[in-house]
Number of protein chains: 2
Amino acid sequence: MPMTEQQHAYVDRVATYFSILGSSRAWSEILAWLMICDPPHQSQAQIQESLSLSAGTVSTQLRSLVEIEFAEPVRLQGERVQYYRLRPGAWQRVMTSEMGRIAALKELAIAGEDVLPAERPERITELRAVAEFFEREWPSLLARMNESLEKGTP
Amino acid sequence: MPMTEQQHAYVDRVATYFSILGSSRAWSEILAWLMICDPPHQSQAQIQESLSLSAGTVSTQLRSLVEIEFAEPVRLQGERVQYYRLRPGAWQRVMTSEMGRIAALKELAIAGEDVLPAERPERITELRAVAEFFEREWPSLLARMNESLEKGTP
DNA sequence: CGAAAGTTTCAGGCATTATTGAAAAATGCC
DNA sequence: GGCATTTTTCAATAATGCCTGAAACTTTCG
């Protein structure tokens, strides 16, 4: 089933956003489509047709989406096809996984301390201070996020 | 002046980190080099030599670093060459500019509400809730970050 | 078990982007 | 203004990574 014009425009917009951030076009389009498709679960064949992508592309990019927990496979009662849908809580999970990038940045800062000229460490101590601040604050921020989301849908 | 082995290893490590996040190799290497070089200000020629890059590459990538305010040009007393250095506060600035990406994400969520099937809006309302939470929290988080950084270096 | 449908893998083609090198332009100094 | 040096621009080349399509593999069902 081909998309409506409105759906196409939305997929394009979302895909552009994520492509700019460094993801591949097909990856971004599949994500966008999973955000708005009806029903919310789609087979590879359906995705392939809706977005005019090859079977190989859909398989590869979908795997990557599943790997980072943006999408998940679902089986439907008495159906043989594998369906995929946007994983509930995907956006929260992205924010949670920021923690890893923060930690890696802190490690870079620490490693840099051995390399810098001793008289001018500011450049790197600054990075370290920022990373450590976020490392400290992130857990409680996430906790508040979860709380806020629960309240939002009572 | 060529780099020491230790410096080279560090540049390589930092450059790998940023390259994975989507930046070009040369861009990442220049950034890494500006983090640890001695003195902290370097001319294009020096950067070119240290990193074995062409003049054109250094010019182009450095401009991009200046544009996003990671680097800044500096003039030295009685010297004709233009020097560049890592801009103080660069890392804080990155965190500050996250605000824009959060806002854009919220816009995507809002736009999506017109496209989704009416019976199953969760996928997008969830995104909206997350984006709005961060939009609310980010300013005060940044304020605390700045406070924390000032205290750190009294 | 065999057939049919679905999925993955991967070599090759294609498109995009990065980098170079050289020429042109700009800058600062005398 | 004129010279020396630095910087930018840009066309050509190289590198990279995406996507396709076909073949191999897997799964499900009769």
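Note on naming: letters A, B, ... go to the chains in the order of the sequence lines (proteins, then strands), and numbering restarts at 1 for each one. Being a predicted model, the structure only gives us computed values, none of them experimental.
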_With a 4.0 Å cutoff (strictly under), does any side-chain N or O of B:Arg63 reach OP1 or OP2 of D:dT9?_
yes
*Provide, to the nearest angstrom, the distance between the CD atom belonging to B:Gln48 and the C1' atom belonging to D:dT5.*
13 Å
*asked:* Between A:Arg144 and A:Glu147, does any side-chain N to carboxylate O distance fall below 4.0 Å?
replied: no
*Counting just side-chain N and O atoms, does A:Arg80 come under 4.0 Å of either OP1 or OP2 of C:dA4?*
no
*Decide whether A:Tyr83 and A:Leu34 are clustered together by the hydrophobic rule: side chain heavy atoms of Ile, Leu, Val, Met, Phe, Trp, Tyr closer than 4.5 Å, transitively.*
no
_Between P on C:dG21 and CG on B:Leu53, what's the gap in Å once rounded to a whole number?_
11 Å
_Using the side-chain heavy atoms of B:Ser54, tell me which of these nucleotides is nearest: C:dT8, C:dG21, D:dT7._
C:dG21
*Select one nucleotide: of C:dG6, C:dT19, D:dT8, the one nearest the side-chain heavy atoms of B:Ala26.*
C:dT19
*Quick one: A:Ile47 CD1 to C:dG6 P, roughly how many Å, whole number?*
14 Å
*Among D:dT28, D:dT6, C:dT7, which is the nearest nucleotide to the side chain of A:Arg75?*
D:dT28
*Mind checking A:Ser24 for me? I need base, sugar-phosphate or nothing, with any heavy atom below 4.0 Å counting as a touch.*
sugar-phosphate
*In whole Å, what is the span from the CD1 atom of B:Ile20 to the P atom of D:dG17?*
11 Å
*For the residue pair B:Tyr10 and B:Trp33, is the inter-centroid distance of their aromatic rings smaller than 6.0 Å?*
no
_By nearest atom, which of the nucleotides C:dT7, D:dT9, C:dT8 is closest to the A:Gln82 side chain?_
C:dT7
*Between B:Ser59 and D:dT7, does any side-chain N or O lie under 4.0 Å from OP1 or OP2?*
no
*To the nearest angstrom, how far is A:Glu79 atom CD from D:dC29 atom P?*
10 Å
*Closest listed nucleotide, where the reference is the side chain of B:Gln44 and the choices are D:dT8, D:dT6, D:dC19*: D:dT8
_Side-chain heavy atoms of A:Leu141 within contact of B:Phe134, under 4.5 Å_ = yes
*Closer than 4.0 Å, any side-chain N/O of B:Gln61 to the OP1 or OP2 of C:dT19?*
yes
*asked:* Regarding B:Ala55, tell me which of base, sugar-phosphate or nothing describes its non-hydrogen contacts under 4.0 Å with the strands shown.
replied: base
*Take atom CG of B:Leu62 and atom P of D:dT8, then tell me their distance rounded to the nearest Å.*
8 Å
*Between A:Thr57 and A:Val81, which is nearer to the 5' end of DNA chain C once each is assigned its nearest nucleotide?*
A:Val81
*In whole angstrom, what separates B:Leu76's CG from C:dC29's P?*
12 Å
*Do NZ/NE/NH1/NH2 and the carboxylate oxygens of A:Arg63 and A:Glu67 come within less than 4.0 Å?*
no
